[in-house]
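Lettering of chains follows the sequences in order, A, B, ..., and the numbering in each one begins at 1. Just so it is clear, the values below take in all heavy atoms, side chains as well, and ignore hydrogens, waters and symmetry mates.
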Number of protein chains: 2
Amino acid sequence: MNTDKLSDRQRKILQFIGEFTDANGYPPTVRDIGHDVGISSTSVVSYNLKKLVKEGFLEREDKVSRGLRLSDEYREFQVRFSPPEGLRFVPMLGRITAGELLEVPAGDITLADEDDIIEVPEDMIGGMTDDVFALRVDGTSMVDAMVNDGDVVVLRRQQTARNGEMVAVLLKDRGETTLKYFYREGKQVRLQPANPFMDPIYVDADNVEIQGRVLAVLRTLL
Amino acid sequence: MNTDKLSDRQRKILQFIGEFTDANGYPPTVRDIGHDVGISSTSVVSYNLKKLVKEGFLEREDKVSRGLRLSDEYREFQVRFSPPEGLRFVPMLGRITAGELLEVPAGDITLADEDDIIEVPEDMIGGMTDDVFALRVDGTSMVDAMVNDGDVVVLRRQQTARNGEMVAVLLKDRGETTLKYFYREGKQVRLQPANPFMDPIYVDADNVEIQGRVLAVLRTLL
DNA sequence: CCAATCTCCGCACAGGTGTTCGATAGAATT
DNA sequence: AATTCTATCGAACACCTGTGCGGAGATTGG
């Protein structure tokens, strides 16, 4: 399913039908559609609706007023980009290994079709909405962060952090990334492991580069 | 909200509107309703619809064909405890501390109104539906299970486990509960810490009592 | 370059659809 | 017993609504 074969008008029609139905609880009439999309003739709307039915985006009951609904396929196609209430879709953008450079994505972080997507309850990431992505942890090198092989780390891309937040930091001199609690202490930075039995490390502030803030760690034992 | 004040006919109308809309994607006409409920005159249907609007069960757009929908209150009254698609509500039943006995709830595990409830994506708990509950981890005594203070452990109550599953086990002689990977080895049981740098412990099979299986560990850094 | 197809328009029409009205009969009220 | 209220019916009406038709401009393919 993909909307490439459709004209702009047809895409607009589909969207309008969805919004109208959600807003009112019943679908629009041919004339409602025409008015919204900017079509003066009802026959033209009819014409485009037939197309949409033919392409499988729409289902329609002949001669029944408001007798149309978005097809299940199209609904599903839509849903990918608009999760249900309380859920948020987070793109899974790759893997991390401590001891190697973290691949922090550069451009816009969006849900593309090809992405792996994980579902995260909204309140688990504190309502964060932009620049949120997930990485799967590769290997056991992050045990001191209490993060295990296979865990999923949900991050928000940001360059600064407040004391006490857990961040992904790059240690420039070692060319190495770790997950630690961040504390600024004068010219130094204290990086505190999550594991309370392990000792912090102190590094020069110039030597650390914050890659992102850790919002959550998810471990699924299947 | 309750349907006591309604006549049988009106209840039937409400139900029909819901079913029709679900089935077709658009609401029925006045005549559709009349036909289903057994009313010959459209005016009588109109009459009863007005009543339903007045009582708050229905919302209606005047003079608009099929311009009706069940009110939010009535819909809620219908669905009450069902979480949104893809989410599952899991009751948070207490706290665990390694080194102490795990409070495994005894009776039915249901969503009571007073419970703390956390939201978990369905596929994160592998579609498990019964006997699932959550506990908050108290203290740092479970570091060897890679579980930190404040983490949330999602469990399914069960008495048996397959090899390789992570379980909450009671060590009877010590009167102590831990989270470990479970491996049956003859008359012994090998309990393997999640932390790959820690050694397993071997105990007599009679000495372990499985309390539940760990489905997921959730850590939120707020 | 011409024919075929696509996309659009306005208009007219038939049937769908909500509303209104007058009437009836039983129940509740006075 | 008279009156009012409730619930129903059938019929008529006006407007809503989807469809069909003839035509026009744009685009495409040979």
Side-chain angles (χ1 to χ4, degrees), chain A residues 2-71, chain B residues 2-71:
Chain A
N2 121 22
T3 57
D4 290 353
K5 293 181 66 174
L6 271 45
S7 69
D8 285 353
R9 228 175 206 185
Q10 285 157 9
R11 267 189 289 273
K12 217 167 159 188
I13 289 177
L14 276 184
Q15 191 187 336
F16 175 68
I17 292 174
E19 288 171 1
F20 187 101
T21 308
D22 284 347
N24 298 294
Y26 48 86
T29 65
V30 170
R31 284 171 180 82
D32 289 335
I33 298 171
H35 188 266
D36 179 89
V37 187
I39 299 179
S40 63
S41 176
T42 58
S43 63
V44 175
V45 177
S46 231
Y47 171 78
N48 282 292
L49 290 180
K50 274 202 186 79
K51 283 288 182 62
L52 288 168
V53 171
K54 199 173 176 184
E55 297 293 335
F57 295 93
L58 209 56
E59 287 170 38
R60 212 164 171 225
E61 201 70 35
D62 263 20
K63 309 202 182 188
V64 167
S65 76
R66 303 170 194 274
L68 40 82
R69 67 161 168 279
L70 303 176
S71 72
Chain B
N2 95 45
T3 57
D4 291 353
K5 292 180 67 175
L6 272 44
S7 70
D8 284 353
R9 227 173 207 188
Q10 285 157 8
R11 265 189 291 274
K12 218 167 158 188
I13 289 177
L14 276 184
Q15 191 186 336
F16 175 69
I17 293 174
E19 289 171 1
F20 187 101
T21 309
D22 284 346
N24 298 293
Y26 48 85
T29 65
V30 170
R31 285 172 180 80
D32 288 335
I33 298 172
H35 188 267
D36 179 88
V37 188
I39 298 177
S40 64
S41 175
T42 58
S43 62
V44 176
V45 177
S46 232
Y47 170 81
N48 282 292
L49 290 180
K50 276 202 183 78
K51 283 287 182 62
L52 289 169
V53 171
K54 200 173 178 185
E55 298 293 336
F57 294 93
L58 209 57
E59 287 169 38
R60 212 164 172 225
E61 202 69 34
D62 262 20
K63 309 202 181 188
V64 168
S65 77
R66 303 171 192 274
L68 40 82
R69 66 161 168 279
L70 302 177
S71 72

Can you give me every donor-acceptor pair (side chain of residues 36-46 of chain B, partner residue at least two apart or in another chain, under 3.5 Å) with its distance?
from  : atom 1 : to    : atom 2 : distance (Å)
B/S41 : OG     : B/S43 : N      : 3.3
B/S41 : OG     : B/S43 : OG     : 2.7

Non-hydrogen side-chain atoms of [X] and [Y] separated by less than 4.5 Å:
X	Y	result
A/V64	B/R66	yes
B/L6	B/L52	yes
A/P28	A/I17	yes

Kindly write out the residues that satisfy salt bridge (charged side-chain N to carboxylate O under 4.0 Å, His left out) with A/D62, not counting sequence neighbours, or none if the list is empty.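 Per chain and number, A/D62 pairs via salt bridge (charged side-chain N to carboxylate O under 4.0 Å, His left out) with no residue.
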Any pair counted as side chain to side chain donor-acceptor pair (under 3.5 Å), so long as it reaches residues 17-28 of chain A, sequence neighbours left out: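 Those involving residues 17-28 of chain A are A/Q15-A/E19.
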Nearest heavy atom decides the nucleotide; on that basis, is A/N48 or A/V64 closer to the 5' end of DNA chain C?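 Upstream on the strand: A/N48.
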To the closest 0.5 Å, what do you measure between CZ (A/R60) and CZ (A/R69)?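 Nearest 0.5 Å value for the CZ-CZ distance: 12.5 Å.
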CG/A/L14 to CG/A/L58 distance, rounded to the nearest 0.5 angstrom?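 Nearest 0.5 Å value for the CG-CG distance: 6.5 Å.
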Below 3.5 Å is the cut-off: list the nitrogen or oxygen pairs between protein and nucleotides 23-25 of chain D, distance only.
none

Identify, residue by residue, the members of residues 34-46 of chain B with a heavy atom below 4.0 Å from DNA chain D, and return them in order of residue number, or none.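 Close to the strand are B/I39, B/S40, B/S41, B/T42, B/S43, B/V44.
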Name every residue in residues 25-33 of chain B that has at least one heavy atom under 4.0 Å from any atom of DNA chain D, in order of residue number, or write none if there are no such residues.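 Result for residues 25-33 of chain B: none.
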Results of ring-ring contact (aromatic ring centres under 6.0 Å, His included) for A/F16 - residues two or more places apart only: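 In terms of ring-ring contact (aromatic ring centres under 6.0 Å, His included), with neighbours along the sequence ignored, A/F16 is linked to A/F20.
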Take the C1' atoms of the five end pairs on each side of the helix from C/dC1-D/dG30 to C/dT30-D/dA1, derive the two axes, and give their angle rounded to 10 degrees.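 Rounded to the nearest 10 degrees, the bend comes out at 30°.
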Set of residues satisfying side chain to side chain donor-acceptor pair (under 3.5 Å) with respect to B/K51, sequence neighbours excluded: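 Listed in chain order: B/Y47.
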Does the side chain of B/K51 get closer than 4.0 angstrom to OP1 or OP2 of D/dT6 through an N or O atom?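 Result: no.
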Give the minimum heavy-atom separation between A/G25 and B/P27, together with the two atoms involved.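 Result for this residue pair: O-CG, 3.7 Å.
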On DNA chain C, which is the earliest and which the latest nucleotide, 5' to 3', with an atom closer than 4.0 Å to a heavy atom of chain A?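 Taking any atom under 4.0 Å from a heavy atom of chain A, the span is C/dC6 to C/dT17.
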